[in-house]
Visitor: 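Structure in structure tokens, see below.
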Amino acid sequence: MSTASVLDLIEAYRSGVLSPVEVVSDALERVDRQDATLRAFLHVSGDAALTSARASEARWRSASAGPLEGVPIAHKDILATVDAPTTGHSRLLDGWRSDRDATAVARLRAAGAVSIGKTNLSEFACGSMDLRGIPRNPWGSGIYAGGSSGGSATAVAAGLVPATTGTDTAGSIRVPASFCGLVGVKPTWGLVSNDGVVPLSWSMDTVGPLAWSVRDAAYLLSLMAEPDVYRRHATGASLAAIVPAVDGNADGLRVGVPVDHFFDGLAAPVEAAVRRALAALEADGAELVDVRLPLAGHLAAAGSVLVMSEGYAVHEASLARSAEAYGSRTRRRLVAGGAYDVRDVHRARAVAAAWRAAFDRALARVDVIVTPTLPLTAFSVERQEHDPPDTSWGTRHANLAGTPAVTLPCGLDPNGLPIGLQVFAPRFGERMALHAARCLERVIGFSERPTLEARV
Amino acid sequence: MTRSDEAAPASVALPVPLSGAEREEAERIVRSTRLALADAFERLGGDAAPRVPAYAVYEASAS
């Protein structure tokens with residue numbers, strides 16, 4: 001059960017091989033047994049989850065099951081949920097309960113998903129992890145799971161739940177998904193509603209799924225996203241069409257491969273795995289096309305100014321009243337965000353606008369652009385605490401442009417740590433991004449899972 | 001005034017008082033970000049460059 005995919009579970013429920021109460025009980029038992037070490041969860045909704053599971057079983061028996069009926073899901077603790085506190089991993093929101101679900105949560109709940117709890121994250125998606133500690137990567141002892149949706153990634157990679165939700169403002173779904181060997185989707189900005197999400201950056205926050213497979217991630221995205229928004233912007237297509245469209249071969253797929261930034265300074269195993277994947281995709285029928293993106297390596301500052309100045313605006317009043325209640329890293333990052341002046345923001349917006357135009361031009365020449373997700377694999381928790389590298393190195397590009405991006409695993413490094421590959425597509429090009437990701441997933445054939453010994 | 005001076009003034013005005021190592025780190029973040037931002041902005045042509053007009057995005061999408 002712990003390695004069953006979302007779609008596997010639905011089929012098992014339909015055939016009667018498994019029941020929601022069995023699966024949810026098993027998930028809760030594994031969380032109880034393993035999470036003291038993993039630190040994936042901030043809150044576990046034991047009784048509420050079992051009540052939901054029993055209701056799901058009744059709906060399966062009465063042939064009124066929804067598309068996600070009885071599947072255990074956990075939500076990043078920055079999305080409001082009615083059946084669990086929403087804390088943002090911060091003392092400031094300790095014990096706060098929303099009277100309604102975030103829209104993305106509500107959509108999954110209406111589809112029948114059983115929420116088993118709230119996952120660990122960097123405070124307010126940008127800072128410290130002081131209260132519960134840093135989530136552990138199930139692929140190695142003492143290894144960082146990534147952030148800010150680290151708990152969401154750990155929960156899936158450890159086999160606690162088959163899928164989770166996360167948020168991505170500069171890579172916060174894709175980085176932990178890459179570090180933990182998962183598929184993670186950052187959708188087009190605005191495709192999945194941000195209503196009910198504690199904001200960091202209004203102009204770049206997105207909500208998306210983390211799962212083991214591209215099909216699972218596509219299925220969840222089709223249920224989380226706003227159907228009218230997709231229909232208006234994706235030439236009349238429906239969200240449901242995303243799921244079958246991911247299959248098929250790569251014949252005629254035009255894949256842009258950047259010659260700037262994304263292949264500079266890669267760890268040798270990362271470059272080797274990504275190049276192998278691209279070669280396999282080409283053998284499957286894709287056409288690889290060089291694309292120039294000279295601004296790609298010069299966006300970190302613009303991204304920081306825009307995200308953190310918007311984040312400061314969200315927290316300005318709280319910082320004035322209760323700065324001491326924030327974690328140290330959160331406090332200094334947000335306060336730095338408030339120090340940027342009009343000229344800084346003007347320059348950052350100019351750089352972001354130029355990048356957006358350049359990225360759109362590049363994406364107009366191909367179907368997708370494929371890059372490594374990160375130049376390295378996961379590192380130690382100690383390094384994350386004292387000297388973290390720039391993990392938005394390969395991911396901020398889609399946030400600044402508002403475009404979708406999918407990460408998927410393409411191999412393991414010599415230490416057994418996952419390597420991530422990323423697919424970029426134009427805005428509202430989720431169908432193409434997921435199709436290309438599925439082609440890559442098929443030709444790569446990644447099926448490894450962390451061992452039990454590495455998990456605890 | 002050099003571009004470096006203009007981009008990274010000696011003092012950084014933090015909106016919330018911080019002390020010790022936190023203040024130094026926040027100031028360091030702002031200074032280094034401003035330097036990198038000035039470099040990126042200059043790559044576009046700086047203040048002399050025309051801003052990207054909105055229609056260019058749509059033209060790029062149609063090409």
Side-chain angles (χ1 to χ4, degrees), chain A residues 294-295 297-306 308-309 312-313 315-316 318-324 326-341 343-365 401-402 426-429, chain B:
Chain A
L295 258 185
H298 303 280
L299 302 175
S304 290
V305 168
L306 293 174
M308 298 317 298
S309 62
Y312 173 75
H315 291 274
E316 182 178 7
S318 295
L319 283 165
R321 277 196 311 269
S322 319
E324 72 287 350
Y326 289 78
S328 174
R329 182 165 189 254
T330 320
R331 183 169 48 239
R332 63 182 183 263
R333 292 194 74 201
L334 287 172
V335 170
Y340 297 122
D341 58 24
R343 184 179 66 177
D344 296 325
V345 175
H346 154 70
R347 287 179 167 185
R349 289 187 63 188
V351 170
W355 165 249
R356 192 177 174 112
F359 203 35
D360 284 350
R361 277 195 298 274
L363 284 166
R365 293 180 50 229
R427 277 182 289 285
F428 298 101
Chain B
M1 184 185 290
T2 65
R3 178 158 57 86
S4 297
D5 295 334
E6 185 183 349
S11 66
V12 171
L14 298 180
V16 174
L18 299 177
S19 56
E22 275 195 16
R23 176 177 44 77
E24 287 171 12
E25 176 60 13
E27 290 175 353
R28 185 201 66 75
I29 290 170
V30 175
R31 284 197 196 96
S32 64
T33 300
R34 280 179 170 155
L35 271 173
L37 182 59
D39 176 71
F41 189 65
E42 286 301 316
R43 286 173 183 273
L44 307 181
D47 284 316
R51 292 293 143 248
V52 175
Y55 65 78
V57 173
Y58 299 106
E59 283 181 357
S61 300
S63 65

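Proteins come first, then strands; the chains are lettered A, B, ... in the order of their sequence lines, and each starts at number 1.
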Visitor: Given R28(B) and R332(A), is the side chain to side chain contact (heavy atoms under 4.5 Å, CB included) satisfied, shown in steps?
Guide: CA-CA 10 Å; R28(B) 185 201 66 75; R332(A) 63 182 183 263; over 6 Å; no

Visitor: Please name the pair of heavy atoms, one in A401(A) and one in F359(A), separated by the smallest distance, quoted to 0.1 Å.
Guide: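 Shortest heavy-atom contact: CB-CD2, 3.7 Å.
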
Visitor: Evaluate the side chain to side chain contact (heavy atoms under 4.5 Å, CB included) criterion for residues L295(A) and L44(B): first the C-alpha distance (whole Å), next the side-chain angles of each, then the deciding distance (0.1 Å), finally the verdict.
Guide: CA-CA 9 Å; L295(A) 258 185; L44(B) 307 181; 3.8 Å; yes

Visitor: Just give me the residue among D341(A), L363(A), V305(A) that pairs up with chain B most often, heavy atom to heavy atom, under 4.5 Å.
Guide: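 Most pairs with chain B among the choices: D341(A).
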
Visitor: Which residues satisfy the salt bridge (charged side-chain N to carboxylate O under 4.0 Å, His left out) test with R349(A), sequence neighbours excluded?
Guide: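 R349(A) satisfies salt bridge (charged side-chain N to carboxylate O under 4.0 Å, His left out) with no other residue.
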
Visitor: Report, by ascending residue number, the residues of residues 18-25 of chain B in heavy-atom contact with chain A at a distance under 4.5 Å; give 'none' if the set is empty.
Guide: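 Result: L18(B), E22(B), E25(B).
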
Visitor: Given that the side chain runs from C-beta out, which part of A348(A) has a heavy atom under 4.5 Å from chain B: side chain, backbone, both or neither?
Guide: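 Both parts, heavy atoms under 4.5 Å.
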
Visitor: Locate the shortest heavy-atom distance separating A26(B) from A336(A); write the atom from each residue and the value.
Guide: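 For A26(B) and A336(A), the tightest heavy-atom pair comes out as O-CB, 3.9 Å.
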
Visitor: Which residues pass the side chain to side chain donor-acceptor pair (under 3.5 Å) test with R333(A), sequence neighbours left out?
Guide: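 R333(A) satisfies side chain to side chain donor-acceptor pair (under 3.5 Å) with no residue once adjacent residues are dropped.
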
Visitor: Looking at residues at least two apart in the chain, or sitting in another chain, which of them share a side-chain contact (heavy atoms from CB on, under 4.5 Å) with A40(B)?
Guide: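 Expected list: H298(A), V351(A).
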
Visitor: Do you know which of V16(B), L37(B), L14(B) has the most heavy-atom pairs under 4.5 Å to chain A?
Guide: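 The answer is L37(B).
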
